[in-house]
Amino acid sequence: MKVDLIIRHAADVDTECLVIPAIDKGEKDKPAGSVLTAEKALQDAAKDLFASGELTGKPLEFALLYRPAGVKARRVLLVGGGKEAKFTPNDLRKIAGLAARQLKAKNIRELAIALPSGVHFHPDNAVRAAVIGAVIGDFDPDTYKSDRKDQRLNSLTIVAPPGSDEKLLHSAIEEGRIIGESQNFARELVNEPGNRLTPTILAERARKMAAENGLDCEVLGADQIKALKMGAFWSVAQGSDEPPACIILKYSPAGAPAQPILGLVGKAITFDTGGISIKPADGMEKMKYDMAGGAAMLGTMRAIAQLKPKVKVNAVICASENMPSGKAQKPGDVQIAMSGKSIEIINTDAEGRLVLADGLTYARTKLGCTHLVDAATLTGACVVALGMVNAGIFANDDSMYERFQKASHQGGEKLWRLPLDDEYRDIIKSNIADIMNSGGRYGGAVTAAMFLKEFVEDKPWIHLDIAGTAWIDDAKPFIAKGPSGVAVRSLIEFVRSFETHP
Ligand code: BES
Ligand code: MN
Ligand code: ZN
């Protein structure tokens, strides 16, 4: 999709469809004027709709007008934005996403989005959000449909009022495009089925992305994983005929301070059968998305390489299948992790924490990472606790938590903090080893996080459990069903926050 900026009155823009955010100003006595639209001609065009009560400005309510008088566009799509006082760039992102999806469905390939007037945030934030929303809305998961038409949008134009700062808005467009496309890059990977995205293929994709974006990339294979004594990672990989891949990406820009060195560690189980503790057949096909944490880290690194903040960032993506076989590990086995800790395997389906344990140790001891963040589709228990609305966030450091919380707010992603009290540690005590890999059903998201905490030592650390949010079961007006690309936007903002607030 081509993205352009035009500085002009919205009514004078020649386009297939002009999208106008309709924001409720809350003037009850004046229905026609109570919705903020860009200009008089557009207000006139929409007057009857507002007067009839068919459009009130409620979030994501919409109406399509054809060739309204005084407006150059062939169509005008009015999309509700909710109350003016509560309107944020994230609402505009959803409006843009809805517009993209509505128009695609009608085979309209070109749209122009007018910046809302009179809102209380800066126009560059509005522009960035609108571009992200449209790029994300343009994604569909129909990769392997043989009748798949090229249904991508051709062009998006951002319409800013006369007097706007062209240079500032141009760079906001560019940022929005980078962020949206990087989230879609993660979604494309997550969408791939297990037979078409093995650890080896994921590593190839990572290599290609790194080469295109000037990142260092190194891939450790089975022999190196064993040589590094990554016994927890290998215990998962040993059961599969497909070799594992530990993908390491480095972003080290000139002029960045020596520290911090951020470490992004992602779980990338390209298919999780559960192993010998095999999962039930029902719904098992969804376990192709068990690499969404790793994909989020790849999407984030892609964006960081293009946005170029002056902060060092490394990523470690632990890619493996989790399969049952004659070579697979068994419940009761004891494994020695790279850190030297011994682990009693209670359930081979608790494999994510095993690969991450060694990924975190590698980031800390081999890459010198000073701050760690991991993302993983780690537990069904997190889905039970938070559903598909919030991702779970855990932190061993309050200031890291606050930084991430702010970043997620900017990115418009929902997270809910879950606890890490010492008492939970007792649940994963083992009789034979230092720790067990499962504490059973109760508090399952927390005991999984407690397990990971054993491997971060003293480093400030964030753990994101995205099991419930990485896959969208029901389409929303602004995003297709399928892979969500969750965590990419928050992670990008988190990394960038170290440039402004070291
Ligand atoms: N990949 C799953 C977690 C998962 C469940 C992700 C549902 C997405 C949706 C993970 O590897 C797993 O199987 N976890 C087990 C842990 C248990 C055996 C302690 C779980 O949550 O049941
Ligand atoms: Mn599992
Ligand atoms: Zn898993």
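As the structure lists them, so they are numbered: ligands from 1, and atoms in each ligand from 1. Just so it is clear, the values below take in all heavy atoms, side chains as well, and ignore hydrogens, waters and symmetry mates. Numbering of residues begins at 1 and proceeds along the displayed sequence.
- L372 and K459 get closest at one heavy-atom pair: CD1-CB, 4.0 Å.
- For the pair A480 and D140, the tightest heavy-atom approach, listed with the atom from each and the gap, is CB-OD1, 3.8 Å.
- At least one N/O-N/O distance between E351 and ligand 1 falls below 3.5 Å.
- For ligand 1, the atoms lying closer than 4.0 Å to a non-hydrogen atom of R353 are 16 (C), 19 (C).
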Sequence neighbours excluded and cut-off under 3.5 Å, please list the side-chain donor-acceptor pairs for residues 263-275, or say none.
| unit_1 | atom_1 | unit_2 | atom_2 | d |
| --- | --- | --- | --- | --- |
| K267 | NZ | D290 | OD1 | 3.1 |
| K267 | NZ | D290 | OD2 | 3.2 |
| K267 | NZ | E351 | OE2 | 3.1 |
| K267 | NZ | T377 | O | 2.9 |
| D272 | OD1 | G274 | N | 2.8 |
| D272 | OD1 | N322 | ND2 | 2.8 |
| T273 | OG1 | G275 | N | 3.0 |
| T273 | OG1 | N322 | O | 2.6 |

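- Protein contacts to the Mn ion (ligand 2) involving N, O or S atoms at a distance below 2.8 Å are D272 OD2, D349 O, D349 OD1, E351 OE1.
- Taking all atoms of both residues into account, the shortest heavy-atom contact from E499 to K310 is OE2-N, 2.9 Å.
- Counting heavy atoms under 4.0 Å from ligand 1, residue K267 touches it through the side chain alone.
- Within the listing of ligand 1, atoms 8 (C), 9 (C) sit less than 4.0 angstrom from a heavy atom of Y289.
- At a threshold of 4.5 Å between non-hydrogen side-chain atoms, the residues T348 and P331 count as touching.
- Between D358 and C318, every side-chain heavy-atom pair lies at or beyond the 4.5 Å cut-off.
- Backbone and side-chain nitrogen or oxygen atoms of T379 are examined, and none is located within less than 3.5 angstrom of a nitrogen or oxygen of ligand 1.
- Summarising the local packing, NZ of K406 is surrounded by 12 or fewer heavy atoms from other residues, nucleotides or ligands at distances under 6.0 Å.
- Per-residue contacts place A467 under 4.0 angstrom from the following atoms of ligand 1 (heavy atoms of the residue considered): 6 (C), 8 (C).
- Listed by atom number, the atoms of ligand 1 under 4.0 Å from K279 heavy atoms are 2 (C), 12 (C), 13 (O).
- The shortest heavy-atom contact between A186 and A295 is CB-O, 3.4 Å.
- Near M287, with a cut-off below 4.0 Å to any heavy atom, the atoms of ligand 1 are 1 (N), 6 (C), 7 (C), 8 (C), 9 (C).
- Contact between S240 and E321 at its shortest, heavy atoms only, is OG-OE1, 2.6 Å.
- Side chain of D465 to main chain of T379: a donor-acceptor pair is present (N/O by atom type, distance under 3.5 Å, no hydrogens or angles).
- A donor-acceptor contact under 3.5 angstrom links the side chains of N107 and R109, judged on distance only.
- When A445, G440, G380 are checked for heavy-atom proximity to atom 22 (O) of ligand 1, G380 turns out nearest.
- Ligand-side atoms of ligand 1 in range of S438: 19 (C), range being under 4.0 angstrom from any heavy atom.
- For the Zn ion (ligand 3), the count of nearby protein N/O/S atoms, taking only those under 2.8 Å, is 4.
- Of all non-hydrogen atoms in L202 and L298, the two that sit nearest each other are CD1-CD1, 3.8 Å.
- Checked against a 3.5 angstrom limit, the closest N/O atoms of A350 and ligand 1 fall outside it.
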Could you pull out every donor-acceptor pair under 3.5 Å between side chains of residues 421-429 and any protein atom, sequence neighbours left out?
| unit_1 | atom_1 | unit_2 | atom_2 | d |
| --- | --- | --- | --- | --- |
| R425 | NE | E454 | OE2 | 2.8 |
| R425 | NH2 | D434 | O | 3.3 |

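- Of all protein heavy atoms, the one closest to atom 1 (N) of ligand 1 is D290 OD1, 2.8 Å.
- Interface atoms of ligand 1 facing T377, defined by a heavy-atom separation under 4.0 Å, are 1 (N), 2 (C), 3 (C), 6 (C).
- Listed by number with element, the atoms of ligand 1 under 4.0 Å from a non-hydrogen atom of D272 are 1 (N), 2 (C), 10 (C), 11 (O), 13 (O).
- Side chains of T143 and N191: a donor on one and an acceptor on the other come within 3.5 Å.
- A cation-pi arrangement is found for R403 relative to F498, the charged atom lying closer than 6.0 Å to the ring centre and inside a 45° cone about the ring normal.
- Looking at V79 and K94, their side chains never come closer than 4.5 Å, going by heavy atoms from C-beta outward.
- Among protein heavy atoms, atom 15 (C) of ligand 1 sits closest to D349 O, 4.0 Å.
- Residue, atom and distance of the protein heavy atom nearest to atom 10 (C) of ligand 1 are L378 O, 3.3 Å.
- Contact of the M209 side chain with the L249 side chain is registered, since non-hydrogen atoms from C-beta on lie closer than 4.5 Å.
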